[in-house]
Protein chains: 2
Amino acid sequence: MAGVSTATVSRALQSPNIVSEKTRNAVFDAVAETGYSVNTAAQMLRRNRAGTVLVILPDIANPFFSKILSGIEEVATQANLTILIGNTNGEDERFANILENLRNGRADGALLLNGRAPPADLVPDGVPILSISERIDSNTIPHVGTDNVKAAYDATTHLLSMGHRSIVHVTGPQGNSLTKDRCGGYFAAMIDAGLEDEAATIAGGFTFQDGKRVAEILLAEHQSSTAAFCANDESAMGVIRGLQEAGVNVPGEFSVMGFDDVPFAAIFQPELTTVHQARNLIGKRAMETLLAMLENSPAPTGPAFLVHDIVTRQSTAQLLEPQLTGRRIE
Amino acid sequence: MAGVSTATVSRALQSPNIVSEKTRNAVFDAVAETGYSVNTAAQMLRRNRAGTVLVILPDIANPFFSKILSGIEEVATQANLTILIGNTNGEDERFANILENLRNGRADGALLLNGRAPPADLVPDGVPILSISERIDSNTIPHVGTDNVKAAYDATTHLLSMGHRSIVHVTGPQGNSLTKDRCGGYFAAMIDAGLEDEAATIAGGFTFQDGKRVAEILLAEHQSSTAAFCANDESAMGVIRGLQEAGVNVPGEFSVMGFDDVPFAAIFQPELTTVHQARNLIGKRAMETLLAMLENSPAPTGPAFLVHDIVTRQSTAQLLEPQLTGRRIE
DNA sequence: CTGAAAGCGCTTACAG
DNA sequence: CTGAAAGCGCTTACAG
């Protein structure tokens with residue numbers, strides 16, 4: 001030791017400015033020499049704070065989440081908070097087990113990316129939680145994400161502006177709030193354009209295979225349509241591939257739009273026209289919001305929506321003649 | 001309380017079989033009723049164990065790592081261990097800050113996916129660490145991953161078996177152990193085939209853009225070559241796209257192989273022939289090994305290599321005539 | 001099989 | 001500005 005009490009060491013380390021300069025230096029020197037590091041467990045116990053936030057997601061390996069995660073991580077690191085990952089794998093039991101970390105004090109708050117409301121009794125009073133990306137149908141949990149209704153409205157409007165009228169919406173999986181919101185935005189745009197009679201959906205999903213399956217339905221049952229707006233990029237790519245395999249030229253004969261703007265959307269051929277979600281920013285904003293909640297700032301009311309963009313690439317084209325005729329756009 | 005001491009509650013919860021059945025039930029009932037949960041901080045402090053492993057990676061958002069991460073997570077969850085993520089972003093300072101978690105007791109051991117040796121003084125004695133995927137040049141740190149030398153040898157041999165002789169190797173980024181190993185395997189295969197004079201490399205990288213850049217070099221300086229083996233899938237896709245844009249048919253006129261087998265390799269056109277790495281398994285095996293080390297089992301000696309496979313898809317074809325003529329394989 | 005007691009390493013009113 | 005002391009909530013020899 002450096003000739004002072006443990007109390008003073010603690011003070012020198014936690015609030016350097018309340019001890020004398022001499023003491024401070026002595027302590028810092030001793031720390032440097034011994035390689036001392038505060039014991040986090042004791043600190044947590046004493047402070048009744050873990051300095052950790054729980055991030056709950058359905059699938060870590062899904063790049064969509066990991067990009068958001070990296071935004072979360074950036075802000076957390078700056079705030080000197082640690083991140084605890086919980087992978088639910090879509091299972092309620094694992095979800096419940098993960099939430100246990102809130103009760104046992106391993107985490108001070110949680111960020112929910114899995115779109116499910118946590119059973120109320122598993123979240124201790126006063127522990128802040130926040131949903132990200134996928135809304136939770138509950139007006140008590142703050143939310144950060146894209147305005148999916150508006151983004152889907154904008155995407156549909158984009159196809160409309162290219163002259164398409166018979167636009168099919170390929171939905172996401174059932175029961176997902178993203179599916180609902182994007183579907184709602186699509187219908188709103190069609191109705192506003194006076195095209196409610198043309199509006200049609202095909203039940204899809206979020207995978208490439210879902211898209212390929214949908215392509216067959218599109219070919220069999222929607223011969224008069226000239227464009228599809230898909231609930232995400234992967235399914236859009238599946239639709240395009242399925243169409244191509246059946247000899248349909250995209251966008252020459254049929255336009256397809258996705259949603260998300262995953263990195264691969266720009267590499268796929270044709271490069272995918274899609275809705276860009278600022279995933280890194282969503283993560284950052286969410287973490288900043290949770291940080292504020294942890295510091296007892298008033299909880300934000302209503303969802304915080306981040307800006308989205310329509311990214312026009314090659315999979316959509318102007319509709320020149322009434323049906324099945326488009327031309328590649330540059 | 002349920003009429004017993006805290007000592008007995010602790011015993012009932014931690015080692016149910018050393019207390020009487022009556023006591024055990026009373027405790028469990030009380031726990032269920034009150035929603036009691038042990039305080040992790042106190043437990044950590046008392047046991048001198050965090051029940052957490054630190055996972056250090058250069059970029060969480062990279063799907064390559066997140067797949068390994070999900071394997072790690074599976075095993076950790078089963079073992080009732082928690083995962084703490086550290087994102088180095090390739091910065092030594094962040095790396096050092098993250099390693100602090102080993103000294104302050106927040107984590108009991110670490111899994112290194114970032115390919116850098118930790119400064120020795122930052123890893124307390126007796127704390128187990130393990131490198132994954134990217135070897136660390138040090139014989140003191142156990143390793144789990146793919147045998148990159150052998151896998152590259154096999155990949156090159158695969159092209160050789162298709163009749164190619166003038167095969168170029170597109171390397172990964174400089175200074176990376178994966179780059180070295182894959183390059184070494186390539187040369188070994190060329191030498192074993194008596195083709196050391198044909199062996200040639202182009203300095204590449206791990207991104208799509210790197211691949212596109214390499215395609216130009218390939219066209220300008222390697223006109224007699226008929227195939228390329230790239231250090232990873234992304235760069236292989238970049239090479240293919242660059243070649244296609246210059247009017248070269250892949251695999252009709254030129255074959256390209258990648259490495260990794262990322263999900264997109266099967267969606268890209270042409271579907272990519274590549275080396276499959278069992279990333280989930282690598283994560284699982286690594287976590288299992290660390291688990292054993294944490295339980296004081298003897299540390300494994302030498303690297304543990306997992307099986308890889310050559311996945312033949314559409315980007316490679318049999319070489320029929322000496323040069324620039326291939327035929328698509330089915 | 002169970003309880004009383006000590007102690008893990010911090011932080012923070014409380015004095016001075 | 002600093003020290004002595006209490007206490008955060010557990011676990012585990014030690015008795016019995």
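Predicted, not measured: the structure shown is a model, and the values here were computed from it. Chain A is the first sequence line, chain B the second, and so forth, proteins listed ahead of strands; every chain is numbered from 1.
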Should [X] be listed as having a side-chain N or O under 4.0 Å from OP1 or OP2 of [N]?
{"X": "A/Gln43", "N": "C/dG9", "result": "no"}
{"X": "B/Thr8", "N": "C/dG3", "result": "yes"}
{"X": "B/Thr40", "N": "D/dC10", "result": "no"}
{"X": "A/Thr6", "N": "D/dG3", "result": "no"}

By nearest-heavy-atom nucleotide on DNA chain C, the more 5' of A/Ser37 and B/Arg11 is B/Arg11
By nearest-heavy-atom nucleotide on DNA chain C, the more 5' of A/Arg46 and B/Val19 is B/Val19
Provide, to the nearest angstrom, the distance between the [atom1] atom belonging to [X] and the [atom2] atom belonging to [N].
{"X": "A/Arg47", "N": "D/dG9", "atom1": "CZ", "atom2": "C1'", "result": "17 Å"}
{"X": "A/Leu45", "N": "C/dT12", "atom1": "CG", "atom2": "P", "result": "12 Å"}
{"X": "A/Asn39", "N": "D/dG7", "atom1": "CG", "atom2": "P", "result": "21 Å"}
{"X": "B/Met44", "N": "D/dC8", "atom1": "CE", "atom2": "C1'", "result": "14 Å"}
{"X": "A/Gln14", "N": "C/dG9", "atom1": "CD", "atom2": "P", "result": "17 Å"}
{"X": "A/Asn25", "N": "D/dC1", "atom1": "CG", "atom2": "P", "result": "13 Å"}
{"X": "A/Lys22", "N": "D/dT2", "atom1": "NZ", "atom2": "C1'", "result": "12 Å"}
{"X": "A/Ile18", "N": "D/dG3", "atom1": "CD1", "atom2": "C1'", "result": "13 Å"}

So, B/Arg106 and A/Gln43: side-chain donor and acceptor under 3.5 Å apart, yes or no?
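No, A/Gln43 and B/Arg106 have no side-chain donor paired with an acceptor closer than 3.5 Å.
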| Without hydrogens or angle criteria, can the side chains of A/Glu73 and A/Thr77 be said to hold a donor-acceptor pair below 3.5 Å? | yes
Query raised in the report: With a 4.0 Å cut-off on heavy atoms, is B/Asn48 in touch with a base, just the backbone sugar-phosphate, or nothing at all?
Result: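 Here B/Asn48 touches no strand at all.
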- Task: Pick base, sugar-phosphate or nothing for A/Ser10, based on heavy-atom distances below 4.0 Å to the nucleic acid.
- Result: base
Closest to the side chain of B/Ala7, out of D/dG3, C/dC10, C/dA4, is C/dA4
Using atom P of each nucleotide, how far apart are D/dA6 and D/dT2 to the nearest Å?
23 Å
Given the C1' atoms of C/dG16 and C/dT12, what is the spacing between them in whole Å? 16 Å
Carboxylate-amine/guanidinium proximity below 4.0 Å for A/Asp260 and A/Arg279: no
When both distances are under 3.5 Å in a Watson-Crick or G-U wobble arrangement, the nucleotide paired with D/dG16 is C/dC1
- prompt: Taking all non-hydrogen atoms of both residues, which atom of A/Ser133 and which atom of A/Ile68 are closest, and how far apart?
  reply: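 In this case the closest contact between A/Ser133 and A/Ile68 is CB-CD1, 4.2 Å.
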In terms of heavy-atom contacts, A/Ile72 and A/Ile83 come closest through CG2-CD1, 3.7 Å
